[in-house]
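These numbers come from the heavy atoms of this one structure, side chains and all, not from hydrogens, waters or symmetry mates.
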Amino acid sequence: MEVPLGTGPRQAGGGLGTTRSTSSGRAARASAIPWARFSAWLECVCVVTFDLELGQALELVYPSDFQLTDKEKSSICYLSFPDSHSGCLGDTQFSFRMRQCGGQRSLWHGDDRPYNSKAPLALQREPAHYLGYVYFRQVKDSSVKRGYFQKSLVLVSRLPFVRLFQSLLSLIAPEYFEKLAPCLEAVCNEIDQWPAPVPGQTLSLPVMGIVFQVRIPSRVDKLESNPPKQCDQENLLPAPVVLTSVHELDLFRCFRPVLTHVQTLWELMLLGEPLVVLAPSPDVSSELVLALTSCLQPLKFCCDFRPYFTIHDSEFKELTTRTQAPTGLMSSELGSPRCQGTFLSKSSLKSPHGSRPSTPSQGVQKKRPWDVLSALLRQHLLELTQSFIIPLEHYMASLMPLQKSITPWKSPPQICPFRQDDFLRSLEHAGPQLTCILKGDWLGLYRWEPLGTGCCGCPTYTGAFSSLPISMVGIGSDTKRWPRSWKLCTWKLFNIEAWMKDKSEVEVVDLVLKLREKLVRAQGHQLPVKEVTLQRAQLYIDTAIGSLPKDLQAVLCPP
């Protein structure tokens, strides 16, 4: 029952069937890619309705030529409707996460690397999953045979901006249910005019007469969440709607039913233990799962998870028939009010390393405002995570060579290999027990044996290395696996004039050849080296050549 909206190709910044003139040059061609700005935020918008003969059916996909496989369409249909036992009357908002099945994405997708290189690990674009943000409406309607109007508006994205997209749905979904297709087309064209999400920037996003003002988090931000500052030009009407965060949920409201088990749940997330969340409705289920995956910040939860999951999902059989439970988190909405706040795991809510579950903080009192309670809870979880990774950072720093041994004209110095036994021994005198007020069996947490190699073997723990300046997991003394930009990054510390004072012509020529080789490699391999660094390297080459006799200059720079 799929009825596409419009038949023309996607055109950036215009309605259906419009075209834009293209010009020469890579930048001009990139700007003319259909729906380039829209795709920086969303993959597509879907409408799922209930058909008496087919059940859930995809009624509309916009832009109409966005490619979804049959399996993806089926998953969106099932995941966009609450379970039949939920009884969700009125309007309900929730989220889901599904695996991409289409292989290589369309050519109009932009490069994720510029955004991901600056975004926090937990907010990078999903490389292999779609995130669905759903606004479901179920109301009595005598004009419908079944007696109910049942329809979902779904935003499909690869960005985990749950707060932003939920706010956007709250604005456009009620209007769409009244005015249908023309309203949706207008909204998508407005989104196609938005600036791209650049980490560290505060953006104004106009839609339907409202301006959302958001700040896109950057990996260099402080971990405290601050609302974006209003720009001077935004003092004009209409006044912007300032979102304090594009992704953070109300942690206290999500964890309230299980507040006394927050520390244990944090441990389960850190260790990647299988966990099933049972909830009476998909909104409770999805928010709690997303809250769980966010409790490890600044680390990223690196296991698989499903904010909302039903037995009709195409992956249900795969995830429930394995002889060994999958590592990670799975959410299942079973529709029983008695299940709210009930967790089942191999640890049965007992601390994996033997410590007693504790309340998040003595400062949490229910009489305080919920935003304050959420801030306290988030700070408590942040302190737990920082206490866990600080010993790791200290140990990794001890493996690094001294700065004085790093020069741009020599091979990289050797790194001491990471040895798990040495690291665990270092915890006895430099472990989390020195920085965290919770006095539990921290060593037992690092040595959690069901992981096979201890805590160092779990995906989230390994992901902790990605938050360090240089990841050295498995590198040891193999300098071939060092970042190729290592030497280039040291050039900013290099005083070439001072270096050339006591060097022979042969040594200067050798430096010129080596610097040229590095420039060719950097440009040929498209290494993540700043343009100013490349310019500085070229300046070094020119300075070195200028100090040589004319005959050598002619050899190095032939006419």
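Contact annotation: the side chain of I216 approaches that of Y115 to within less than 4.5 Å [non-hydrogen atoms, C-beta and beyond]. Here the side chains of W194 and V207 are in contact, with some heavy-atom distance below 4.5 Å. No side-chain heavy atom of F66 sits less than 4.5 Å from a side-chain heavy atom of V156. Considering only heavy atoms from C-beta on, L270 stays 4.5 Å or farther from L384 through its side chain. Side-chain contact between I172 and L168: present, with at least one pair of heavy atoms (C-beta onward) separated by less than 4.5 Å. Proximity of L153 to L184: side-chain heavy atoms (C-beta onward) are separated by under 4.5 Å at one or more points. Between V139 and L89, the closest side-chain pair of non-hydrogen atoms is not below 4.5 Å. Side-chain contact check for L171 versus V187: every heavy-atom pair is 4.5 Å or farther apart.
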side-chain contact (heavy atoms from CB on, under 4.5 Å), that's the test. Do L292 and F305 meet it? Break it down for me.
CA-CA 10 Å; L292 286 168; F305 66 95; over 6 Å; no
Starting from the C-alpha separation in whole Å, work towards a yes-or-no answer on ring-ring contact (aromatic ring centres under 6.0 Å, His included) for F177 and F149.
CA-CA 10 Å; F177 290 138; F149 174 91; 5.7 Å; yes
Please determine whether side-chain contact (heavy atoms from CB on, under 4.5 Å) holds for the pair I210 and M208, giving the CA-CA distance in whole Å, both sets of side-chain angles, and the decisive distance to 0.1 Å.
CA-CA 6 Å; I210 299 295; M208 293 181 62; 5.5 Å; no
Step-by-step side chain to side chain donor-acceptor pair (under 3.5 Å) determination, Q166 to Q93
CA-CA 7 Å; Q166 282 184 349; Q93 285 191 255; 5.2 Å; no
Evaluate the side-chain contact (heavy atoms from CB on, under 4.5 Å) criterion for residues I191 and L42: first the C-alpha distance (whole Å), next the side-chain angles of each, then the deciding distance (0.1 Å), finally the verdict.
CA-CA 9 Å; I191 295 175; L42 297 173; 3.9 Å; yes
What do the steps show when you test T244 against V242 for side-chain contact (heavy atoms from CB on, under 4.5 Å), and what is the final call?
CA-CA 6 Å; T244 57; V242 180; 5.5 Å; no
Side chain to side chain donor-acceptor pair (under 3.5 Å) between T202 and Q213, intermediate numbers included:
CA-CA 7 Å; T202 298; Q213 192 172 96; over 6 Å; no
Evaluate side chain to side chain donor-acceptor pair (under 3.5 Å) for R163 paired with H247, printing each intermediate quantity in order.
CA-CA 5 Å; R163 281 279 296 278; H247 66 288; over 6 Å; no
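Atoms CD and CG, on E43 and L155 in that order, are 11.5 Å from each other to the nearest 0.5 Å. The CZ atom of F161 sits 10.5 Å away from the CG atom of L131 when rounded to the nearest 0.5 Å. The line from OG of S294 to CG of L123 is 10.0 Å long, rounded to the nearest 0.5 Å. Atom CG of residue D422 and atom CG of residue L399 lie 9.0 Å apart, to the nearest 0.5 angstrom. Put simply, CZ on R378 and CG on L251 are 4.0 Å apart, with the number rounded to the nearest 0.5 Å. Note: K151 NZ to L60 CG = 9.0 Å, rounded to the nearest 0.5 Å.
Ring centroid separation for the pair F255 and W266 does not come in under the 6.0 Å cut-off. Note: F165 and Y133 meet the aromatic proximity criterion, with ring centroids under 6.0 Å apart. A centroid separation of 6.0 Å or more is found between the aromatic rings of Y130 and F96. In this structure, the ring of F136 has its center no less than 6.0 angstrom from the ring center of F94.
Put simply, the side chain of Y308 never gets that close to the backbone of V284: no donor and acceptor are under 3.5 Å apart. Panel note: side chain S80, backbone C77; no donor-acceptor pair is recorded below 3.5 Å. Put simply, the side chain of Q124 gets close to the backbone of N116: a donor and an acceptor are under 3.5 Å apart. No side-chain donor-acceptor contact under 3.5 Å links Q100 to the backbone of M98. Between the side chain of S157 and the backbone N or O of L159 there is at least one donor-acceptor pair closer than 3.5 Å. With hydrogens and angles ignored, the 3.5 Å screen pairs no side-chain donor or acceptor of D250 with any backbone N or O of D371. A donor-acceptor pair is defined here as one N or O able to donate and one able to accept, closer than 3.5 Å; such a pair exists between the side chain of S39 and the backbone of W35. Between the S285 side chain and the S281 main chain, no donor and acceptor come within less than 3.5 Å of each other. At least one donor-acceptor pair under 3.5 Å links the side chain of R158 to the backbone N or O of E126. With hydrogens and angles ignored, the 3.5 Å screen pairs a side-chain donor or acceptor of E72 with a backbone N or O of C101.
R219 and D221 are not joined by a salt bridge, as no carboxylate oxygen comes within less than 4.0 angstrom of a charged side-chain nitrogen. Between E287 and R253 there is a salt bridge, since a side-chain N of the basic residue sits under 4.0 Å from a carboxylate O of the acidic one.
Here the closest heavy-atom approach between residue S95 and residue P307 is recorded as O-CB, 3.6 Å. Residue L249 comes nearest to A291 through the heavy atom pair CD1-N, 4.1 Å, listed as atom of the first residue, atom of the second, then distance. Heavy-atom minimum distance, G200 versus S218: N-CB, 3.7 Å. Closest approach of C46 and I76 over heavy atoms only: SG-CD1, 4.3 Å. Counting all heavy atoms, side chain and backbone alike, F81 lies closest to Q150 at CZ-O, 3.8 Å. Contact detail for P63 and F38: the closest heavy-atom pair is CD-CE2, 3.7 Å.
Checking T385 against Q297 by side-chain atom types alone, no donor-acceptor pair falls below 3.5 Å. For the 3.5 Å distance criterion, the side chains of Y135 and D91 qualify, holding a donor opposite an acceptor. Between the side chains of H129 and R97, at least one donor N or O sits under 3.5 Å from an acceptor N or O.
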